[in-house]
Amino acid sequence: PDTGGSLLDRADYAAWTAPGQTGTNAIPWTALATGINAAAYTTDWSVNFALLAAGTNYITVRAYDVAGSSVALPDAFVVKKDTAGPVVTDSQAGDTVWRNGGGTLYNVDFADALSGLTTAEYAVYTATGLGGTNVKPWTVIVGSNVALTDWTTDWGVDFAALLEAVTNYVSVRAQDALGTFTTATDLFLVLKDTTLPTVTASQAGDDAWRKVGGTLYNVDVADTGGSLLDRAEYAAWTGTGQTGTNVISWTAIATGINAASYTTDWGVNFALLAAATNYISVRVYDVAGSSAVLNDAFSVKKDTSGPVV
């Protein structure tokens, strides 16, 4: 108001990013009313929101009367502006390791220095860009009744819900206290294979006594879980069920297979076999680290000595 008699002429406002008309002058002096010609001006008014800085803006108001006198009220009120969503920081290296179990934690962080972070979520799809099958709908990573400045704790996904033999693409979204979302798609992927590889003995029982090696045996291995085969091995014991003397320790049949199956016939190290019945067991590993063993897949009877007189 103006009580001196000349009445009000005009009123202005300006905005700064710090108190006391310091920091950045986001809005220079701007008229909120001109030619008032009244003892008081009580109409509510607004600021030019588009010009305000992101963060806290301190609004100062000044008034002039017709006689040319003026008065200012520094920091009459503040306006807090936040039009951007939370910041998502992907510090997670590409995870291209086939996994047969959960428990892996991922380094994707969330922050909002203005209105604050309220929720962060992840979802999983079988194709990029939130495409394919939605194997895991939006699921809370962190939710808070109090707006957080940031969330930097590593977090895991629901491994049980993921699909095998496909690529599971993980996307995230975060929401601030004003309801603004930031979505970041396909930040990393998870490859799942929990199906055990298999060993199939197509080898008929080898009942012939042998004095020389060179026989090839038909025992195949396969993997249907998606990670493919890594390696296959055999070992020989003099008793069933991996008992007796372990005459041949686990020995590679094939390594670096990188295929869904291995069907090439293969032989054993005949020189190391015992002069007796040798029971051959086979084990296989897939790339995800799962393994399977077939005990006593076949036997080899060795006799390199002549009759005793």
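Being a predicted model, the structure only gives us computed values, none of them experimental. When a residue number appears, it is its place in the shown sequence, counting from 1.
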Say whether [X] and [Y] are linked into one hydrophobic cluster, either directly or through other cluster members, by side-chain heavy-atom distances under 4.5 angstrom.
X	Y	result
Trp45	Trp29	no
Tyr169	Trp155	no
Leu130	Leu162	no
Leu191	Phe188	no

ask   = Can any side-chain N or O of Thr30 pair as donor or acceptor with the backbone N or O of Pro28 at less than 3.5 Å?
value =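 Flag set: sc Thr30 to bb Pro28 pair under 3.5 Å.
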Would you say that [X] contacts [Y] through its side chain, given a criterion of any heavy-atom pair below 4.5 Å between the two side chains?
X	Y	value
Leu7	Asn37	yes
Ser261	Asp223	no
Tyr58	Pro74	no
Val287	Asp193	no

ask   = Can you tell which of Asp265, Ile280, Val282, Thr200 makes a side chain to side chain contact (heavy atoms under 4.5 Å, CB included) with Val219?
value = Val282
task = Quick one: pull up OG1 in Thr128 and CG in Leu189 and give me the separation to the nearest 0.5 Å.
result =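 Taking OG1 in Thr128 and CG in Leu189, the distance rounds to 11.0 Å.
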ask   = When rounded to the nearest 0.5 angstrom, what is the spacing between OG1 in Thr251 and CD in Glu233?
value =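 Spacing of OG1 (Thr251) from CD (Glu233) equals 8.0 Å.
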query = Centroid-to-centroid, Tyr285 to Trp98, below 6.0 Å?
reply = no
ask   = Of Tyr234, Tyr217, Tyr279, which is the lone residue that meets ring-ring contact (aromatic ring centres under 6.0 Å, His included) with Phe298?
value = Tyr217
Would you tabulate the side-chain donor-acceptor contacts of residues 80-89 under 3.5 Å, counting partners in other chains and residues two or more places apart, or write 'none'?
from	atom 1	to	atom 2	distance (Å)
Lys81	NZ	Phe49	O	3.0
Lys81	NZ	Ala50	O	3.3
Lys81	NZ	Leu52	O	2.8
Asp82	OD1	Ala84	N	3.3
Asp82	OD2	Ser115	N	3.1
Asp82	OD2	Ser115	OG	2.6

Taking distance alone, no hydrogens or angles, what donor-acceptor pairs closer than 3.5 Å link side-chain atoms of residues 132-141 to residues at least two apart or in another chain?
from	atom 1	to	atom 2	distance (Å)
Asn134	ND2	Val124	O	3.1
Asn134	ND2	Lys136	O	2.9
Lys136	NZ	Asp158	OD2	2.9
Thr139	OG1	Pro137	O	2.7

